[in-house]
Amino acid sequence: MIVISSTVPNIEAILIKAFQKYAPSDHFCLIDSPEAEQATTAASWFPDLEKLNQLPKLSLIHSIAAGVEHLNLNEIRPDQAVCRVLDPHHQKGMFDYLLWGVLYFQRYFDRMLQQQKQQLWKQYRQSYSHHIQIGIMGLGHMGGYVAECFTAMGYQVSGWSNSPKNIPQVKSYVGSEQLSEFLAHSQILINLLPLTKDNTGILSAELFQQLPDQAALIQVGRGQHLIEKDLLNALDSGHLRGAIIDVFEQEPLPAEHPYWQHEKIVVTPHVASHAPMSVVVEQILENDRRLKQGLDLCHQVDVNKGY
Ligand SMILES: NC(=O)c1ccc[n+]([C@@H]2O[C@H](COP(=O)([O-])OP(=O)(O)OC[C@H]3O[C@@H](n4cnc5c(N)ncnc54)[C@H](OP(=O)(O)O)[C@@H]3O)[C@@H](O)[C@H]2O)c1
């Protein structure tokens with residue numbers, strides 16, 4: 001039995017609808033229903049952990065997304081496993097979004113959109129993929145895939161992770177000792193790190209200073225990776241050229257937030273990529289089945305590492 005748990009009302013409604021559509025009706029329930037006592041798995045997005053922890057049979061907390069920071073991992077019981085959803089559609093969706101973002105800077109669309117407002121006719125020399133250095137923070141399920149795709153298109157790609165990676169034609173940088181060197185080679189910096197206590201606030205003034213002059217940022221990790229005022233300073237000083245931001249400390253982004261009107265910032269409403277709901281439900285059902293049969297779970301998270 002799967003219990004649906006989200007403290008975000010519209011997400012809870014989306015989950016209920018998806019389970020009604022894609023799961024047998026006797027396989028899921030709501031947290032306040034009597035059936036929840038029988039639940040073995042929780043389908044979760046910012047779940048109510050206090051309520052979940054009272055369910056006697058609950059052994060698996062399942063994120064409905066790739067990220068797990070919303071689960072508050074240090075409050076999860078040691079006897080409970082944590083899994084996340086991973087899917088090729090998710091990777092492809094992320095690459096499509098990032099390719100658009102890279103082209104936006106590579107082909108000067110950022111400047112031309114501003115020019116149009118001023119009815120200014122100014123041309124730019126075409127720049128090719130092999131001229132562009134892309135730096136990807138995080139070379140996991142998403143970052144590794146995206147690195148391969150950009151490399152296949154001729155971009156110069158480097159990546160930064162906790163452990164060394166062997167992806168053909170992708171220069172691998174590891175740990176805090178190699179971060180500066182990695183940043184110095186990143187004209188377009190893509191953040192695809194998971195949010196952990198080690199990397200909260202990593203997109204800071206100190207990091208931006210180490211990027212080449214006129215570098216751009218594409219931020220698709222999590223809002224808490226970025227110190228917002230540091231980004232605004234780096235853009236306003238002219239050091240950074242622009243930023244595309246998909247994830248925010250507060251979502252939805254508040255109406256009075258300076259990003260909305262900033263001419264060097266593109267705001268998108270956390271849409272870079274999502275797994276289809278049919279896949280989310282299918283993977284949670286499959287892991288619940290595996291749990292009952294004592295099989296290895298798919299896409300299990302290392303709770304100690306936090307991702
Ligand atoms: N905006 C969106 O729509 C959207 C959609 C999907 C995902 N995301 C974001 O993308 C994140 C990444 O997803 P994923 O599935 O690729 O995660 P993942 O498979 O867990 O990979 C994480 C990568 O980050 C590296 N890493 C973690 N902490 C690090 C640190 N402190 N220093 C250096 N490297 C570090 C890991 O290094 P090792 O490989 O060495 O362990 C790994 O390569 C998600 O957690 C989520 O925040 C956003």
Side-chain angles (χ1 to χ4, degrees), residues 11 44-46 62-73 82-101 135-150 157-167 170-183 186 189-204 207 217-226 243-249 251-253 266-277 279-280 283 298-307:
I11 302 289
S44 314
W45 179 257
F46 289 97
H62 210 305
S63 171
I64 60 161
V68 292
E69 76 296 331
H70 59 95
L71 297 177
N72 216 350
L73 293 180
V82 175
C83 289
R84 62 194 186 122
V85 171
L86 297 181
D87 167 61
H89 296 90
H90 216 179
Q91 293 171 308
K92 175 73 171 65
M94 181 59 79
F95 175 66
D96 290 349
Y97 177 98
L98 294 173
L99 178 60
W100 162 77
I136 303 173
M137 300 179 83
L139 284 177
H141 182 73
M142 291 288 174
Y145 174 82
V146 160
E148 283 175 6
C149 293
F150 277 120
V157 182
S158 52
W160 184 69
S161 49
N162 265 329
S163 55
K165 303 290 171 209
N166 193 4
I167 306 173
V170 175
K171 179 109 177 64
S172 161
Y173 294 90
V174 179
S176 47
E177 316 75 55
Q178 295 186 352
L179 179 59
S180 299
E181 203 187 335
F182 161 77
L183 293 171
S186 301
L189 182 71
I190 294 174
N191 176 34
L192 267 170
L193 290 169
L195 184 67
T196 65
K197 58 178 174 0
D198 292 341
N199 61 34
T200 299
I202 190 168
L203 300 176
S204 62
L207 179 143
L217 171 70
I218 307 181
Q219 153 63 332
V220 284
R222 284 292 181 256
Q224 289 79 355
H225 283 135
L226 173 64
I244 296 173
I245 311 182
D246 186 53
V247 289
F248 305 89
E249 248 184 273
E251 296 182 8
L253 189 64
V266 175
V267 167
T268 58
H270 201 148
V271 291
S273 85
H274 295 291
M277 284 316 286
V279 172
V280 172
Q283 291 196 7
C298 303
H299 314 314
Q300 191 163 352
V301 169
D302 181 336
V303 176
N304 293 322
K305 281 205 298 186
Y307 65 94

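Counting convention: from 1, in listed order, for ligands and their atoms alike. Not measured: the values here are computed from a predicted model.
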How are the rings of Trp45 and His270 set to each other: parallel, tilted or perpendicular (split at 30° and 60°)?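 Trp45 vs His270 ring planes: perpendicular.
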With under 30° as parallel and over 60° as perpendicular, where do the rings of His299 and His141 fit, or are they tilted in between?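 Tilted.
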Identify, for [atom], the protein heavy atom at the shortest distance, and state residue, atom and that distance.
atom: atom 15 (O) of ligand 1; value: Arg84 NH1, 2.8 Å
atom: atom 48 (C) of ligand 1; value: Val220 O, 3.0 Å
atom: atom 21 (O) of ligand 1; value: Gly140 CA, 3.2 Å
atom: atom 20 (O) of ligand 1; value: Tyr307 CD1, 3.3 Å
atom: atom 43 (O) of ligand 1; value: Leu139 N, 3.0 Å
atom: atom 7 (C) of ligand 1; value: Ala66 CB, 4.0 Å
atom: atom 28 (N) of ligand 1; value: Asn162 ND2, 3.5 Å
atom: atom 4 (C) of ligand 1; value: Met94 CE, 3.4 Å

Quiz question: by atom type and distance under 3.5 Å, do the side chains of His225 and Thr200 form a donor-acceptor pair?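 No - no donor-acceptor pair under 3.5 Å links their side chains.
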Tyr307 and Asp198 side chains, donor-acceptor separation under 3.5 Å: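 No, no side-chain donor-acceptor contact under 3.5 Å.
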How about Glu148 and Ile167: do any of their side-chain heavy atoms sit closer than 4.5 Å?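 The answer is yes, as the side chains (C-beta and beyond) meet within the 4.5 Å cut-off.
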For ligand 1, note which part of [X] has a heavy atom under 4.0 Å away: side chain, backbone, both or neither.
X: Leu193; value: both
X: Asp246; value: side chain
X: Val247; value: side chain
X: His274; value: neither
X: Glu69; value: neither
X: Met137; value: neither

Of the choices Ala65, Gly306, Pro194, Gly138, which has the non-hydrogen atom that lies closest to atom 22 (C) of ligand 1?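 The option holding the nearest heavy atom is Pro194.
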Based purely on interatomic distance, does Gly67 place a nitrogen or oxygen under 3.5 Å from a nitrogen or oxygen of ligand 1?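 By distance alone, the answer is no.
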Looking at every heavy atom in both Leu207 and Ile202, which two are closest together, and how far apart are they?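 The pair with the smallest heavy-atom distance is CD1-O, 3.3 Å.
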